[in-house]
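Just so it is clear: chains get the letters A, B, ... in the order the sequence lines come, proteins before strands, and each one is counted from 1. In this text, all values refer to a predicted model and were calculated from it rather than measured experimentally.
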Amino acid sequence: MNRKNKNNIHMEDRQGKPVDSMALDDEKRIKILSPGLLVFKRFIRNKLAITGAIFILAMFIFSYFGGWLMPYREDEVFTKYVDMSKVYAAVSENTEYKFITTDNTEFPMIARSQFVLASNNDRNLFESQGVSYSIEKLADELFVVFNTREVAVVSIILGNTNVALSDPSMGPSFIERLEEAVDAGEETFTYNDKKYLLVQGKKNYLAYELEPLALATLNRYDFISADISVSYDFAFAMELAMHELMETGEKSRLITVGGVEYEMEVEEEKASIYLRNNGDRTLYANISRYLVESIYQDVFISIDFKDQVKAMMSEGVEGVQDFVYVNIDGEEEEYTIERNNTEWVIRWIEDTLVIKAYDPPSKEHIMGTDGNGMDILTRLMYGGRISLMIGFIVVVIETMIGIILGGIAGYFGKWVDNLIMRIVDTFNSIPSLPIIIIIGAMMDAQRVDPKIRMIYLMFILAFLGWPGIARMVRGQILSLREQEFMIATEATGLSVSKRIFKHLVPNVIPQLIVISTLSLGGVILTESVLSFLGLGVKFPFASWGNIINAVSNVHVMTNYLFVWIPAGFCILITVLGFNFIGDGLRDAFDPKMKR
Amino acid sequence: MRNYIIKRLFLSVLILFFVAFIIYAIMRSIPTSYVEAIARERANLPGSKSYTEWIQQLNQIYGLDSGIIKGFFGWIGTVVQGDFGDSWVYNVPVVEKFRETIWYSFALGSISFIIQVSIAVPLGILAARKQYSKTDYAVTVVALVGISLPIFFFATILKLVFSINLGWFELYGTVGRFYEQLDGWGKFLDLAKHYVMPIATIVIVGIGGLMRYTRTNMLEVLNSDYIRTARAKGLTERRVINYHGFRNTLIPIVTIIGGSIPGLFAGALITETLFGITGIGKTAYDAMVGGDIPFSMFYLLFLAALTLLGTLIADILYAVVDPRVRVN
Amino acid sequence: MKDEKIDVNETKATDSNYLSARESHKISRENRRITDQFEKQNKRKNVPESEYTTKMKNPANVVEFDNLHTYFYTDVGVVKAVDGVTFDVPFGKTVGIVGESGCGKSVTSLSLMKLVQRPQGQIVEGEIRFDAGDKVYDIAKTPIEEMYNIRGNMISMIFQEPMTSLNPVFKIGTQIDEVITLHSLDLFHEEMKAAEKSVSNVKPSKESKLMIKARTLEMLDLVGIADSEKVYRMYPHELSGGMRQRVMIAMAIACNPKLIIADEPTTALDVTIQAQILEILMELKDKINSSIMLITHDLGVIAGMADYVVVMYAGRVVEKGTVFEVFKDPAHPYTIGLMAARPGINKEVERLYSIPGKVPNPIDMPNYCYFRDRCEKRIAACDGEYPMEIKLSPTHSVACYLYTEEEYRND
Amino acid sequence: MTEKSKRQIAAETKERLVIEDNYIPLVHDDKYILEVNALKKYFPIKDGLLQRVTGHIKAVDGISFKIERGTTMGLVGESGCGKTTAGRTILRLTEKSAGQVLFNGKEVYDYTKKELQAIRPQMQIIFQDPFSSLSPRLPIREIIGEAVREHEIVPRNEFNDYINDIMENCGLQPYHRDRYPHEFSGGQRQRICIARALALNPDFVVCDEPVSALDVSVQAQIINLLMDLQDKFKLTYLFISHDLSVVEHISDTIGVMYLGDLVEFGRKEDIFRMPLHPYTKALFSAIPVPDPTAKINRILIEGSMPSPANPPKGCKFHTRCQSCMEMCKTVVPVQKEIEPGHYVVCHLYNDYEGA
């Protein structure tokens, strides 16, 4: 009913006009469509064209305005803190000798291994890299290593002791002491606070001067603070004391090293050392066979923690065991400990700073993040800018070349036309994609700057894309030239430039718009293929193609769909949009099409 | 007609000559440091020729040591004898590698092509018959989506759905590991498992153009006077379209189909690479990315020749198919 | 340059006579609604025969157009291309339809064949009665399926453009054979009648093929093609325009149609060729005894060919009568003007008569005489409704206020 | 094919390819605005590998005539007889192959490009096809006015009035100025074409079938318009048409063309009173007469026109001529003046000189 009313109004509208005052054959009687509206109307009526226009508009807004509105930068890497169960420390029973050297001396690595060999074979002398060393066994698994220097040879010929000194500075009293030792059959002797070693050869004795170099022990020292390191003297004293205590069964003893008084308490295989100060005692260090080491270089594990761990271990750890450590500030820290063969691994939940790689969509990152921790939505926007920009620039360049060459060929004809058309044929048969791939690969190897690369890419694409346009322009101009209105322009004596720009060009433009729109889609597609192959737009610049590039990793392809699916649809929609519009425009401009 | 063909052949050879020159010039403008770096890299690979041998080969065949014009003629001389040098990446003569791989591409190309034609032409005609109907819109949309689909994206989706999620087809390669041990049917199934997705990709991405082309031509034919005459004769709509309309539409379609036959040898560069099919396309891609100058140059020239052959065939076919042109 | 540009703006603002986007939208929406209705009607299947058969008013006629309206629903409005046309085509006679381009003469003939460009063009109202012998069709209501049997068989058509009206990829012989195979197969093979249902798929046997070919050659001979055997094997493009038009005529007469529509058959041809073609048509008409509907804008052609003349103007018949009546005593001012406008050999006039103004665009025509505004004999009565048809004699009638029924009844 | 015959053919071809350019130079008479002498226009046919010229389409094959100032010459003939080409060659819209074209006593082909452009306004052309003869993307005011501005025919401040004036003269409304060609009917387009030509204030206008595409009533309007304008502006027309009755109405002199030749030429009255050439006669008789009572004896000429690329030897019309004689098949007839100003090219009148 309503509809009918509307129709009536409509009829009145048209009849209400002062028709009668006009003659029937007056064109003013009939309203017609203006030329612009005619094309526009045909375009509007094409649903696909409208869809295409909406697509493109949306992509433009998305890429350009989206890029402005987006708070993130194109290449901003996002990080986050993650509670990660991370290995915090490893505990193992020490089975290797630790060498505590005296001040300012060095015990080379090679020599250390020689020591292990020697100690296993009960030799007390060994050599490494031309340096002689000797070993003194203090207790089981406790040795002192000396730097050894031959000082004298004592030969006993017919009961006569003959001493040959290597060092003339040694006085006769040393010889006396030496002879005394030889007579006594001592293996070592002391002279002038220095230790000497006598080794019996076949016919003679060799005397060596011993200089303490290092203490070799299986025990580990855990100090109260990271600043303290173990010194030779301290270790020597402590080791001896500990040994003795364990032998005697005593529980504790006072030891003075370097004027500082310590108290040692021994319990099973470990010992605690307290610093005594006017009767008070504070824990200073622990000695044990266990090695508790943080995997971080800068983390010092407190002695309490180590104690707690050791205590747990002595109770025996089975499977994964949680434990809580109360630190100095009274906070509880949760850890897990797990036996792993001969080792124990301590893990903790750590707030770690990591790159947000492949973060699923969230509030901050509506489309998630990619493998580099960059916001995918932002990348898509900037990628759109680049894809569209490349598309437009390439099409503008190739259209210009096409118009100029096609126009010249079409307008001047004859040999000029022939020549240009052969050039077009030639360029047409040059395979463009392989050439771009080769140049891309070459630029890769030459490490060309991504920005310059992009410019090259545009020029190459344009350079290989113009022949189609040139051919179209030429054909169009050839057919226009035959039209009578062009002959009329010649007959009226118009100048060549006016004939070209006022008569030819406007008539070529519709076709040109169509072909440019269609090739826009093509260029964007080619660019995306190249970028996908890693030969087009390069990181840090985003491009839809290089975003999809992530799928070369099958894991990403299968598990992180949000990384590559949107980019694919962006390309599809944009190219489809341009194709829809181009198709619609072609129909709209074509007077033969009825609608 | 004979004169025409001879003339066209002559022209094609001439154009091919210029194309060859441009390709040669492009290759020559590659920085020598790059060439040397690649040669050195190649020489380090096990079983390869030495660096000096590679460079020597290049110098010999491509005349890198002489001027560009002289070098070009030298190169053309060797090419005419069929000598394209040894591939750097594959370590075999270029022509030999080409012979090995071309049939994979041809198989892939021709199967897809047959499928494409047999789908696109009927659908195009259907769309034209029912212009502006829902069918027409659907066909147009399918065609344009095909044209607009990024091939790598579509291939990836196929892989994801059919290979990873459904497990119907294989992700990569031409044959399975146990291919040799399978019986005939098994071999066929195995091949199908590898080839279905690449073929589907090529078909979907390539079908749009032909479909649109058919539709446009059919529309033009249907608007012509002789179709009205056919209707006035009392022919049924079916016969008007399938006989009078179709025969006229066939002229441009046969032309374009004939023209694309040489293209079947060109290999689907992207598709083959994506699906790991060792056809000429993938081989060439690896060669190009690997800086294999001899193979790249051969491939470029090969493609140019195919393009020219395609246009030549199309033009000749046009003259053969269309009675109006036949006489002259 | 500058001052010109200002001028441009001035004139543009005042004199735009363009449809606004809204009006245009309204029109196209309305058009779609109406054409969709018609299309629904057209696409019905299995229409009962009673719906499209009727009776002739006068059994001497082969075709009777009765108040035919054919409209085109275009973007700028409804074009009433044929707006109430009534005339008869008697058996064995030639009826010439004259009028200027756009007057609806071609659309009238296309309506008869149901070949009007759909969906824009629709037969909106009226009847076209066609006597097919065993029954009488109302073409306006006849479904397309039934039309296949009428087209080319009972009514055939010759078009204006011989260069484009023949299918370029088929040989002449094939094209004429086709129409004979389609409609007259039973002439050669009784048993083939059974297969008539699937006409398009019938593969004629060898003998009937030869007979069909013989018939084709006969037709080619009939239209004055000397080397028919050779022409049979030729493609259309190998023939000149005149020859092609002969082929078209051969095709049109091949099935002995009851009516031949010749739509400007000689307009695209040179005078000398036109004379040849007209000669052939004249001869053939007597030979095959069918009626001809000759559409042309050339009064000379009509005078030489037709028995009856129908003058059309802006989609309506303004005058009709026998050729002698119309040429001797043209009644309608338009007919008179048309005749005076044509320069003729040995017709000494200083100045040609020219009808002022131009043919109106048939959109939204007001309800008064369409010729009123161009008419030099306009009287007060002309401001009234569109004039009725006045019978000046039993065969001669005119739609004009200058004449009244009484005047002639008394005669 | 033997070697010899090949060479022979080559020699023959070579001979055929030579365009003869021998004519007796004209002496200019100021009463004629246009004098055409032995004008030829051949279009080359290219073939073979190197696109060598292998033959010619002899569109215009040596025609001679003169047009007096302020008169109209009609040029009739069937389509493809070369009348359009003749018109365009006279205006140097295509280059001639041979012959002379004197416009106001000066050889048109002697002008430089620049000079030619400057004298273009004096000789204008109106085309047949009203749909392709107007630039579709320019408004009417531009189509008519652009050349006026280019040649500075009127001062800039009078430009608008001038254009309005011209449009009014040609029966166009002022509001048409801003419309585009597609909005007009054929007749109006033809008016626009006439206005475009007339705006340049020409002396001589080639009307190339200006009414062929129009309806009868519009035809009359355009013909009347052309004749009115001729009176008003003292124009000279070369009126090309295939329609004899139109030509008869408008022309003072008439030339009949057949296959590139001017077979008959003379004053209208003479030609209609006494058509001489068999082709002219046939042409006259072929015109349909709008009188059903008139029974005319048609001279039907058989067949259609031969190809201008390979015209018949001798008289080109002999293949279709009813009064063909033996000599017509071999000997090329020459132009003869049968009565003052009435020329014919036909062997039938070989003896006429003596009579």
Inset, instruction - Using distance alone, with no hydrogens and no angle criterion, decide if C:Asp177 and C:Tyr232 have a side-chain donor and acceptor under 3.5 Å apart. - result: yes
Inset, instruction - Compute the centroid of each ring, for B:Phe302 and then for B:Phe265, and state whether the two points are separated by less than 6.0 Å. - result: no
Inset, instruction - Ignoring hydrogens and angles, state whether a donor on the side chain of C:Tyr73 or C:Gln122 is under 3.5 Å from an acceptor on the partner side chain. - result: no
Inset, instruction - Residue by residue, scan residues 247-257 of chain B and write down, ordered by number, those that have a heavy-atom distance under 4.5 Å to chain C; if none do, write 'none'. - result: B:Arg247, B:Asn248, B:Ile251
Legend entry - Verdict with supporting geometry, B:Tyr243 and C:Phe170, ring pair (Phe, Tyr, Trp, His ring centres under 6.0 Å): CA-CA 10 Å; B:Tyr243 188 63; C:Phe170 296 121; 4.7 Å; yes
Legend entry - Atom pair CD1/CG of C:Ile253 and C:Leu222 - distance to nearest 0.5 Å: 4.5 Å
Inset, instruction - Using atom types as modelled and distance alone, determine if a side-chain donor or acceptor of C:Glu30 lies under 3.5 Å from a backbone N or O of C:Ile27. - result: no
Inset, instruction - Identify which of C:Pro257, C:Ser156, C:Gly152 forms the greatest number of heavy-atom pairs closer than 4.5 Å to chain B. - result: C:Gly152
Legend entry - Under 3.5 Å side-chain donor-acceptor pair for C:Glu178 and B:His244: yes
Legend entry - Under 4.5 Å from any heavy atom of chain B - which part of C:Met154: neither
Inset, instruction - Could you tell me which portion of C:Leu166 (side chain, backbone, both or neither) has an atom closer than 4.5 angstrom to a non-hydrogen atom of chain B? - result: backbone
Inset, instruction - Could you tell me whether the side chains of C:Thr70 and C:Ser111 share a donor-acceptor contact shorter than 3.5 Å? - result: yes
Legend entry - Side chain / backbone / both / neither for C:Met251 at chain B, heavy atoms under 4.5 Å: side chain
